[in-house]
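These notes concern the structure reproduced below.
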Amino acid sequence: MSGAALYIQKDWKITDVQIEVLIGTLNIYCLFGSFAAGRTSDYIGRRYTIVFAGVIFFAGALLMGFATNYAFLMVGRFVAGIGVGYALMIAPVYTAEVSPASCRGFLTSFPEVFINGGILLGYVSNLAFANLPTHLSWRFMLGIGAVPSIFLAVGVLAMPESPRWLVMQGRLGEAKKVLDRTSDSPEEAQLRLSEIKEAAGIPAECDQDIVTVDKSKDNSGQGVWKELLIHATPAVRRVLIAGVGIHFFQQASGIDAVVLYSPRIFAKAGITSDINKLRATVAVGVVKTLFILVATFMLDKYGRRPLLLTSVGGMVLSLLTLAGSLTVIDSLHEKITWAIALCITMVCAFVASFSIGLGPITWVYSSEIFPLRLRAQGTSMGVAVNRVVSGVISMTFLSLTKAITTGGAFFLFGGIATIAWLFFFTFLPETQGRTLEDMHVLFEGFSWRDSLHGKKSSDDESTTQDENSKSQLQMGATTTKSANSQ
């Protein structure tokens, strides 16, 4: 949409406000998809929910490509937004639930990797179709999105269902087969199955292929919202703040302003040709994609927390430098070669810093910290906050730049990124190497002083391990019956 918006505005002679609304409302429409995805994935499974998202993507791309007026185009954006909401919620949840702990960070970052790959292909398609007649160029830029949605829907059918969802349905035999295929060893597969059964309230000694699971309120996912928001235990509350907070700061630091309005930013820096704006934007996409690939290989080696803090620190520096250079350009009112080069460099540095940490870790972290029965709805809340903030930023960026200048807008983003660094440093524990069922250990007594060395001391860890059963109860991951027996 970043490049297509240039040609839509020329073709239909619409205002900047209409462009803001067109670009930003997709993120608001995501809310419907992200909230529905939690319940949908609990009913039909994680895998078929991804297939459903692909079908919605296909329809949305075609509707946008064949739009005859602004209202029609907004309908296409609404449909596409529903698909985005579904995919953003379910993809990291599915991957986290299938992955073994040893490479969960690597695999769970894949959705972000391919989101960046898609952004890059979008930029390339903008450049490829830019020389078509104006009324056709933007249609091809948007309509081409129908092609990858087909590969998504078909490709997912060859993948296994989430073992955690299978256990929740009482299909233990199928879950065991999936775990045998996706674990590093038979022993790990058995351990993962035992932990999932315990979290789902199924007796550890039960070894039947199919069991009857209580579909009452406590086990079916009903009442989860009350457990998350009203009757939350201290551990659940901390998980919720961490999951929602990381999503908030990911978008509030201004990444979508750069991704969606790169041509406008480069125009403000002094680049006048549309083709040159798109070329510079492609360069940004290349950098963003390359560094997200680097991050995937570092997540499980160095951990979430060091990469996250390094990433946000780099974002702060690049945002403040970009803001300063744009302010200099505004004050001199002339084309300055070094300032243009510095702006392009800082935009690339910003997306590189984002991609090496905050970009992928947001989805990895939020998908692995929620307990099993709260995971779908808790992740939905994080995605909802992510999309609302993204929508606000993308729907107000042009107006914001007119009110406080483009440089001022990036000074604002730099300030928010600074607050984000402090939040991550004091509030988010390291989750590297932990099983999903063991996350509660981290959130009961976490202190930022403990995480200075990457994780709790062995004495603290052994103590919290002894309280495992009690913690599971507090996190709402066991049934009342299990708690009484303990």
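- Of the possible polar contacts, one joining the Arg77 side chain to the Ile23 backbone as a donor-acceptor pair under 3.5 Å is found.
- Other residues, nucleotides and ligands contribute only 12 or fewer heavy atoms inside 6.0 Å of the CZ atom of Phe140.
- Not one N or O on the side chain of Gln9 forms a donor-acceptor pair closer than 3.5 Å with the backbone of Ile19.
- If you take NZ on Lys288 and CZ on Phe354, they are separated by 5.0 Å, rounding to the nearest 0.5 Å.
- Looking at heavy atoms from C-beta onward, His247 lies in side-chain contact with Trp363 at the 4.5 angstrom threshold.
- Among Val284, Ile119, Thr289, the single residue meeting the side-chain contact (heavy atoms from CB on, under 4.5 Å) criterion with Val351 is Val284.
- Using a cut-off of 4.0 Å between Lys/Arg side-chain N and Asp/Glu carboxylate O, Asp42 and Arg39 are scored as not salt-bridged.
- Counting non-hydrogen atoms of other residues, nucleotides and ligands closer than 6.0 Å to CZ of Phe66 gives a total of 12 or fewer.
- Across all non-hydrogen atoms, the minimal contact from Ala130 to Leu278 is CB-CD1, 3.9 Å.
- Residues Ile8 and Leu73 are in side-chain contact: their nearest non-hydrogen atoms beyond the backbone lie under 4.5 Å apart.
- Note on ring orientation: taking the six-membered ring where Trp is involved, the planes of Phe410 and Phe413 are perpendicular (angle over 60°, cut-offs 30° and 60°).
- Shortest non-hydrogen contact noted between Val286 and Leu120 is N-CD1, 3.5 Å.
- The minimum heavy-atom distance linking Lys268 with Leu326 is given by the pair CG-CD2, 4.2 Å.
- What you find for Val282 and Tyr123 is that their closest heavy atoms are CG2-O, 3.7 Å.
- When atom types are taken as modelled, the side chain of Arg387 and the backbone of Leu26 share no donor-acceptor pair closer than 3.5 angstrom.
- Taking both residues in full, the closest heavy atoms of Val312 and Ala417 are given as CG1-O, 3.3 Å, listed atom of the first, atom of the second, then distance.
- In this structure, Arg304 contributes its side chain and Pro429 its backbone to no donor-acceptor pair below 3.5 Å.
- The local environment of OH in Tyr29 is crowded, with over 12 non-hydrogen atoms from other residues, nucleotides or ligands closer than 6.0 Å.
- Side-chain N or O atoms of Tyr48 include none that pairs as donor or acceptor with a backbone N or O of Tyr43 at under 3.5 Å.
- Under a cutoff of 6.0 Å and an axis angle of 45°, Arg305 and Phe425 form a cation-pi pair.
- Looking at heavy atoms from C-beta onward, Leu428 lies in side-chain contact with Phe424 at the 4.5 angstrom threshold.
- A donor-acceptor distance shorter than 3.5 angstrom exists from the side chain of Ser318 to the backbone of Met315, with no hydrogens or angles considered.
- Between Met89 and Ser41 the shortest heavy-atom distance is CE-OG, 4.0 Å.
- Atom OG1 in Thr310 sits 12.0 Å away from atom CG in Leu358 (nearest 0.5 Å).
- With a 6.0 Å radius and a threshold of 12 heavy atoms from other residues, nucleotides or ligands, Phe249 has its CZ atom above the threshold.
- For the pair Asp256 (side chain) and Val259 (backbone), a donor-acceptor distance under 3.5 Å is absent.
- The closest donor-acceptor contact from the side chain of Ser325 to the backbone of Leu322 lies under 3.5 Å.
- Although no hydrogens or angles enter the test, the distance criterion places no donor-acceptor pair under 3.5 Å between the side chain of Gln251 and the main chain of Ile393.
- Under a 3.5 Å cut-off, the side chain of Arg47 and the backbone N or O of Leu157 do form a donor-acceptor pair.
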